[in-house]
Amino acid sequence: AQKVTQAQTEISVVEKEDVTLDCVYETRDTTYYLFWYKQPPSGELVFLIRRNSFDEQNEISGRYSWNFQKSTSSFNFTITASQVVDSAVYFCALSETLYSSASKIIFGSGTRLSIRP
Amino acid sequence: DAGVTQSPTHLIKTRGQQVTLRCSPISGHKSVSWYQQVLGQGPQFIFQYYEKEERGRGNFPDRFSARQFPNYSSELNVNALLLGDSALYLCASSYWTESYEQYFGPGTRLTVT
């Protein structure tokens, strides 16, 4: 079955520390997409990144970086020099192709990140 | 361009009542998907509609139904509300049914008392 596992329920670090959020996935699809979303207290899902299964290059965007390793089915997210504004719940997610060409996104249970000043 | 819009923002209902949530997709998008996010969990897929037809359905009871209109807007209906239906309901739109380009709205927070 398709599944996304975020083993870290909560992480708390002091501002300016680096922090890595882990994500492991299971899929039967040969082509799929992986995502990371941020959900601040307001509740809106903020899209951070999308990566397709054929692109294993790591990506860096400012203080954010992502490490995709197909061999271990992992898609980890690192925040460098964390800031208080990074405090939120972060979701890792996986696309799943359904019948009749439909598709859905499967979300992990989320990691609550708290950055202490 | 406006993003995905949802209404209402919040609402409170009583057990046994019925509720209708509304979603307007991004202009030009023809597919709408609905997700339920219970507190402390990740969003769970409910439905996907494309060109007014249901294309996918998650593991939700028949109390949950939806429809899509000719202008591609969508409504999610939940009958016989239970306390467990209290959640944030998210709508996502995309041009096609591919999930890699789904854009999420701000959500409707439903509280059932």
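Throughout, a chain's letter reflects where its sequence line sits, starting with A, and its residues are numbered from 1. Keep in mind that what you see is a predicted model, and the values were worked out from it rather than measured.
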Enquirer: Anything in residues 7-36 of chain A with a heavy-atom distance to chain B below 4.5 Å? Please list those residues in order.
Expert: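 The residues closer than 4.5 Å to chain B, in numerical order, are A:Tyr33, A:Phe35.
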Enquirer: So which part of A:Gln6 gets closer than 4.5 Å to some heavy atom of chain B, the side chain, the backbone, both or neither?
Expert: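 Neither part.
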Enquirer: When clusters are formed by joining ILVMFWY residues with side-chain heavy atoms under 4.5 Å apart, either directly or through shared neighbours, do B:Val112 and B:Val78 land in the same one?
Expert: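 Same hydrophobic cluster.
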Enquirer: Less than 4.5 Å to any heavy atom of chain A: does that hold for the side chain of B:Gln48, its backbone, both, or neither?
Expert: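 Looking at B:Gln48, just its side chain touches chain A.
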Enquirer: Give a yes or no on whether A:Ile49 and A:Tyr37 share a hydrophobic cluster (residues Ile, Leu, Val, Met, Phe, Trp, Tyr; joining criterion: side-chain heavy atoms under 4.5 Å apart).
Expert: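 No.
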Enquirer: Evaluate the side-chain proximity of A:Leu45 to B:Tyr35: yes if any heavy-atom separation is below 4.5 Å, no if none is.
Expert: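 Side chain of B:Tyr35 against side chain of A:Leu45, heavy atoms only: no contact under 4.5 Å found.
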Enquirer: Do B:Ile46 and B:Leu81 share a hydrophobic cluster (ILVMFWY, side-chain heavy atoms under 4.5 Å, transitive)?
Expert: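 Linked within one cluster.
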Enquirer: For the CG atom on B:Leu83, are there more than 12 heavy atoms of other groups (residues, nucleotides or ligands in this structure) within a distance under 6.0 Å?
Expert: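 Check passes, neighbour count above 12.
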Enquirer: Could you tell me whether B:Arg15 atom CZ has more than 12 heavy atoms of other residues or ligands within 6.0 Å of it?
Expert: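 Counting other residues, nucleotides and ligands, CZ of B:Arg15 stays at 12 neighbours or fewer.
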Enquirer: For A:Lys3, I'd like to know if atom NZ has over 12 heavy atoms of other residues, nucleotides or ligands within 6.0 Å.
Expert: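 Incorrect, the count does not exceed 12.
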Enquirer: Using a 6.0 Å cut-off, check whether atom OH of B:Tyr95 has over 12 heavy atoms from anything other than its own residue.
Expert: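 Counting neighbours around OH of B:Tyr95, 12 or fewer heavy atoms of other residues, nucleotides or ligands fall under 6.0 Å, so no.
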Enquirer: How about B:Asn71: does its CG atom have over 12 heavy atoms from other parts shown lying under 6.0 Å from it?
Expert: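 Yes.
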Enquirer: Report yes or no: do B:Tyr72 and B:Phe104 belong to one cluster of Ile/Leu/Val/Met/Phe/Trp/Tyr joined by side chain heavy-atom distances under 4.5 Å?
Expert: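 No, B:Tyr72 does not connect to B:Phe104 through the hydrophobic network.
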Enquirer: At what distance, to the nearest 0.5 angstrom, does OG of A:Ser103 lie from CZ of B:Phe45?
Expert: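 Going from OG on A:Ser103 over to CZ on B:Phe45, the span is 8.0 Å.
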Enquirer: So which bits of residues 105-117 of chain A come within less than 4.5 Å of chain B, counting non-hydrogen atoms only?
Expert: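 So far as heavy atoms go, A:Ile105, A:Phe107, A:Gly108, A:Ser109 are the residues that approach chain B to under 4.5 Å.
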Enquirer: Kindly check if the number of other-residue, nucleotide or ligand heavy atoms within 6.0 Å of OH (B:Tyr103) is above 12?
Expert: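 No, because the 6.0 Å sphere around OH of B:Tyr103 holds 12 heavy atoms or fewer from other groups.
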Enquirer: Would you say B:Trp96 ends up clustered with B:Val32 if hydrophobic residues are merged whenever their side chains have heavy atoms under 4.5 Å apart, either directly or through other cluster members?
Expert: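 No, it is not one cluster - the side chains of B:Val32 and B:Trp96 are not joined through contacts under 4.5 Å.
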Enquirer: Would you call A:Phe91 and B:Pro43 a side-chain contact if the rule is heavy atoms closer than 4.5 Å?
Expert: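 Yes; the side chains approach each other to less than 4.5 Å.
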